[in-house]
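Below: the structure, in structure tokens.
A, B, ... follow the sequence lines: proteins, then strands. Residue 1 opens every chain.
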Amino acid sequence: MLILIRKTRLKNGKVIDQSDSELSTNRVRVGSGNHCDIQLFGDDIATNHSDITVIDEGHLKVTCRANANLSIDGKKLKQATVTLGNWIDIGSHKIALIPPPPGFDASIQVNIDADSQPSVQTRYKHELRLKLPSSRLWSYVLSFVILVNALIFPLLHYLQPDTAKTLQSFGAPSDQIWSTGPLSSPHHLSGLVDNCNSCHTKGFQKVDTATCLSCHADTHSHFPANHPFTSGTDSCQACHKEHNEPQMLIVQDNKLCIDCHKTPISKIDVSGNTMGEMDAATLFSAGQHPHFMPTLLQEKAGEWTKNKALSTQEIREESNLKFPHELHLNIEKVGKKIPDSPQKEALICGDCHTAAPDGEHFLPITMEANCASCHSLDFDDANPQRNLPHAAAEIVRTYLHEFYISQAAQQRYSKPQESARRVPGRDTSARCKNQDPLQCGGVWAKEEIERLFSKGGCVDCHEAYQEEDANGDKQWQVKEVKLNTDWFPTARFSHAAHHIMSADNMGKESCASCHDAATSKLSSDVLMPKMGVCLDCHEEGKKDTAKDNIKLQCIACHAFHNFALPTMTAPAMGDGK
Amino acid sequence: MYVNILNYARRRYFWWSVILLIACSGLYLSQAESLPPNGGSWQGYVLGSIGLFLIIWLSCLGIRKRSYASKSANLQAWVSAHIYLGISLIGVATLHCAFQFGLNVHTLAYMLMCAVIVSGLIGLYAYLRYPRLLVENRANQSFEQRLDSLAKIDKEGLALAANCDTEIQHMISSAIDRTAIGGNLLTQFFGRDRSSVAMPTKGTTSKHSQMLSNEGQQTVIDFLVAKIPNTQKPGEAERLQKLLYILGRRQELLRRLRRELSLQLRTKLWLSVHIPLSMALLVSLFVHIFTVFFYW
């Protein structure tokens, strides 16, 4: 809409001058501000005073802004619509709609009272009075917003969970914003990770043991009776801390162990009986940590027991098996065939010892899996394809009786046959030719049994002895063989982690760096390394800095939660005595 | 030596802050390897307590500066210590939180603390720099005196213009009426000139005019400069020259007025941010301490 604005300036009621301007707009801004289309001055004129809207060429609407007024015939109004030729007073100025000249859609006559021209000081009174943001108001607003969102809404999750969940669906923050760090990965479980109250059950109290045990009911104790760490209400927290960055659920602090173990402690069994004393440990170094005392397998009158060695000197173990490691690792004496080659190579530990999946232990040694490939059980030169059963002595004796009686019967009733192999001086092809097979074969079997159990054969590996049977006859028996599989059942050691000690994983070099097998001539030798071997790399407080020692935590070798003991929820642990 | 709040008492509080930060770093490094360093170790609690004490003490400046009868150390010492210890607070708080941040109320308190310190640094810059700029800008004339000068030359300008043709007369009158000083916060802060002028519409012989920006009175000056060589009436060129001189004076006066407003505002505005943020920090600090011990 093209509007003509005709301004007439009057002083003391007399016209000083007139000027026209044109505007292409629907809304004409009136006020003292310099951006206004019609600029008027006066004490009662605001910077943005009012807006004039031309409805059509016969109607005009004036709408005042807040704190501004207009008047018609002395009557104060906020807004007014007037027809052609009717005057509206704005302060001491007048505005009216007049008939537009040709080419214009509307024309506004403005009579400006030039007497109300203000001084510079009053003119810029409003523009210069800038109100700074109120520190007090903003302090209240910010404090309120923080209190509500960071404290009250999250607190509702503890006090009124149902209300809090409803509010949360509308975007209110939850108590997750109180978290000081992420939960450790084992605790990333639905219902736990999204619900602080699953662990934080009581305000201003550390997470208590009962809350932990509500899930960890099967966790084993460290001590058969009440332990200082396991009897307090927040005992789990002594060792287990959550919300760490990076996550570290188990506190790596030897002090937690040493605080109790710095002095010798009486050991008690599950029934509460004292079982001797446990030496003090203050540091993993010589003199400050007890010597390693392997648990040995021992036999007394047919009863096998596992006992801790009582001294570090001359530790012997009874397995009733003859096995010199020295012999088997010496290439001069024992070697294994290299395929397609006349050469032989030495055995390595891994040829017999196969690591178990746990990375710590080894699969049990058996005759079939580990010995038979070299040590066949053939016993008769004339029948090298025949092998003894690797079974109890009675079965072996019976087998030999059956075999030799059968041999005697063949010699008695068959035509002589050329044996495939003849050993000078031991030609037995005609031994029972004209004799009673039962009698001759029986004697023959007894001789062979005597030889196998006393000279060479079974006794190569086994301990044999004679025992009277029901008829008063002496019969050969073999001592039961039992091999220890774990000399430190309560300690942890990762063989897998120590393989790096040799490029030849599981090879001779790798194992030999700790286990002195190459010089062990007796199977009663316990090849468990002494503490000094571990100290070479792991000694604490060592002054020698030539080699960087790898510091160990107590819990690297010693588990706190002992599988041999009752669970922490068992009554003995919770009686508070 | 010229003494200001930074080198007060031979930078005594700077050295206090350095010692504080060294002690806090030692405390931080003494944390056992048994757990990642955090605010929950005893060292973390000590660092947190130092931070809490510092924040409360720093907030007390607001009370101290109004206690005119106070006999505690003079205000200059207080402000100097406030600045150095306030800056060292970033170090103390960062060591307390052990460089761990997240989307939580604890980092909110930390961020607010940083915002308070940054706003304080802006205030420090303002206090050190703007008073000198204000003095230079005033050139021995106050704001009110300069407004009077403006009124005086406006009057001269209008009188001169009254003898020129109506086109010039309207233009000068409009340029004076539509000169803007002050305004809203951003306009004053940046010293923007939103002046305008109703100029004769080019290429028309009518009295119709159009509104143009008159930033720095430049539009009017350019118009007069173009007009002077084309005057026909006797004495008009001389009048226009005088008008041009008056507009030049106006330009300079207005520029200094706006600069004064801008510098005054910049000297005060930072405090309007510093104080509400400090209050927000105190509240979020309370929330931080409450929540840490509530969900222990």
Side-chain angles (χ1 to χ4, degrees), chain A residues 4 17-22 33-35 37 39 41 119-121 124 126-130 132-143 145-147 150-151 154-155 158 175-182 196 200 203-207 241 243-248 251-256, chain B residues 32-36 38-40 98 100 102-106 108 144 147-148 150-151 154 166 169-170 177-185 188 194-196 198 201 206-211 261 265 268-269 271-273 275-280 282-284 287 290-296:
Chain A
L4 177 78
D17 56 27
Q18 262 192 335
S19 64
D20 286 356
S21 56
E22 60 183 55
N34 73 310
H35 57 279
D37 303 311
Q39 198 181 21
F41 295 107
S119 68
V120 174
Q121 279 81 0
Y124 293 110
H126 297 293
E127 281 84 351
L128 295 178
R129 195 191 298 140
L130 177 70
L132 284 172
S134 162
S135 295
R136 188 170 296 233
L137 175 71
W138 280 105
S139 297
Y140 287 142
V141 169
L142 285 175
S143 302
V145 170
I146 290 170
L147 270 182
L151 186 66
L155 192 59
Y158 178 79
D175 50 358
Q176 295 282 324
I177 63 165
W178 287 359
S179 172
T180 53
C196 304
H200 298 281
F204 297 114
Q205 277 184 27
K206 287 185 176 179
V207 174
K241 297 277 187 196
H243 298 289
N244 281 315
E245 272 184 286
Q247 49 173 276
M248 194 188 273
V251 177
Q252 305 285 310
D253 193 354
N254 286 347
K255 211 172 149 286
L256 291 167
Chain B
E33 291 165 22
S34 53
L35 276 176
N38 68 77
Q100 292 175 24
L103 281 175
N104 53 44
V105 295
H106 319 292
L108 171 73
E144 284 68 30
L147 273 181
D148 288 342
L150 183 69
D154 280 356
T166 47
Q169 206 177 326
H170 284 152
D177 283 350
R178 290 180 184 274
T179 293
I181 312 171
N184 66 24
L185 197 129
Q188 289 204 18
R194 297 213 179 275
S195 300
S196 52
T201 314
S206 72
K207 290 175 181 173
H208 298 157
S209 59
Q210 56 177 353
M211 199 89 83
L261 288 175
L265 180 60
K268 288 180 207 151
L269 189 61
L271 198 61
S272 301
V273 177
I275 288 171
L277 285 178
S278 302
M279 290 308 297
L282 284 172
V283 171
S284 66
V287 174
F290 175 88
T291 56
V292 159
F293 291 108
F294 190 74
Y295 278 178
W296 205 341

Heavy-atom proximity to chain B below 4.5 Å, by part of [X]:
X	value
A:Y140	neither
A:Q205	backbone
A:L137	neither

Under the side chain to side chain contact (heavy atoms under 4.5 Å, CB included) criterion, do A:S135 and B:L271 qualify, and how do the steps go?
-> CA-CA 8 Å; A:S135 295; B:L271 198 61; 5.8 Å; no

For chain A, the option from [options] that forms the most heavy-atom pairs under 4.5 Å:
options	answer
B:A151, B:S196, B:G102	B:S196
B:A32, B:G40, B:G183, B:G39	B:G183
B:V283, B:D177, B:L103, B:L35	B:D177
B:P276, B:G182, B:A180	B:P276
B:T179, B:L150, B:V292	B:T179
B:E144, B:M279, B:M211	B:M279

Part of [X] within contact of chain A (heavy atom distance under 4.5 Å):
X	answer
B:N38	side chain
B:I181	both
B:S278	neither
B:D148	both
B:A198	neither

Could you pull out the closest heavy-atom pair between [X] and [Y], with the gap in Å?
X	Y	value
A:P133	B:L185	CD-CD1, 3.9 Å
B:Q100	A:E245	NE2-O, 3.2 Å
A:E127	B:Q188	O-NE2, 3.0 Å
A:Q18	B:H170	O-CE1, 3.5 Å
B:P36	A:P246	CG-O, 3.2 Å

Among the listed options [options], the residue most often paired with chain B at heavy-atom distances under 4.5 Å:
options	result
A:L130, A:L155, A:V120	A:L130
A:L128, A:L142, A:D17	A:L128
A:D37, A:N254, A:L132	A:L132
A:R129, A:H200, A:M248, A:Q121	A:H200
A:S139, A:G203, A:G181	A:S139

Might you work through the side chain to side chain donor-acceptor pair (under 3.5 Å) test for B:N104 and A:Q176, ending with a clear yes or no?
-> CA-CA 8 Å; B:N104 53 44; A:Q176 295 282 324; over 6 Å; no

Quickly, which of B:W296, B:F294, B:F293 forms a ring pair (Phe, Tyr, Trp, His ring centres under 6.0 Å) with A:F204? Name it, please.
-> B:F294

Note, [X] side chain near [Y] side chain (heavy atom, < 4.5 Å):
X	Y	value
B:L282	A:S143	no
B:Y295	A:T180	no
A:S119	B:L147	no

Between OG1 on residue B:T291 and OH on residue A:Y158, distance to nearest 0.5 Å | 14.0 Å

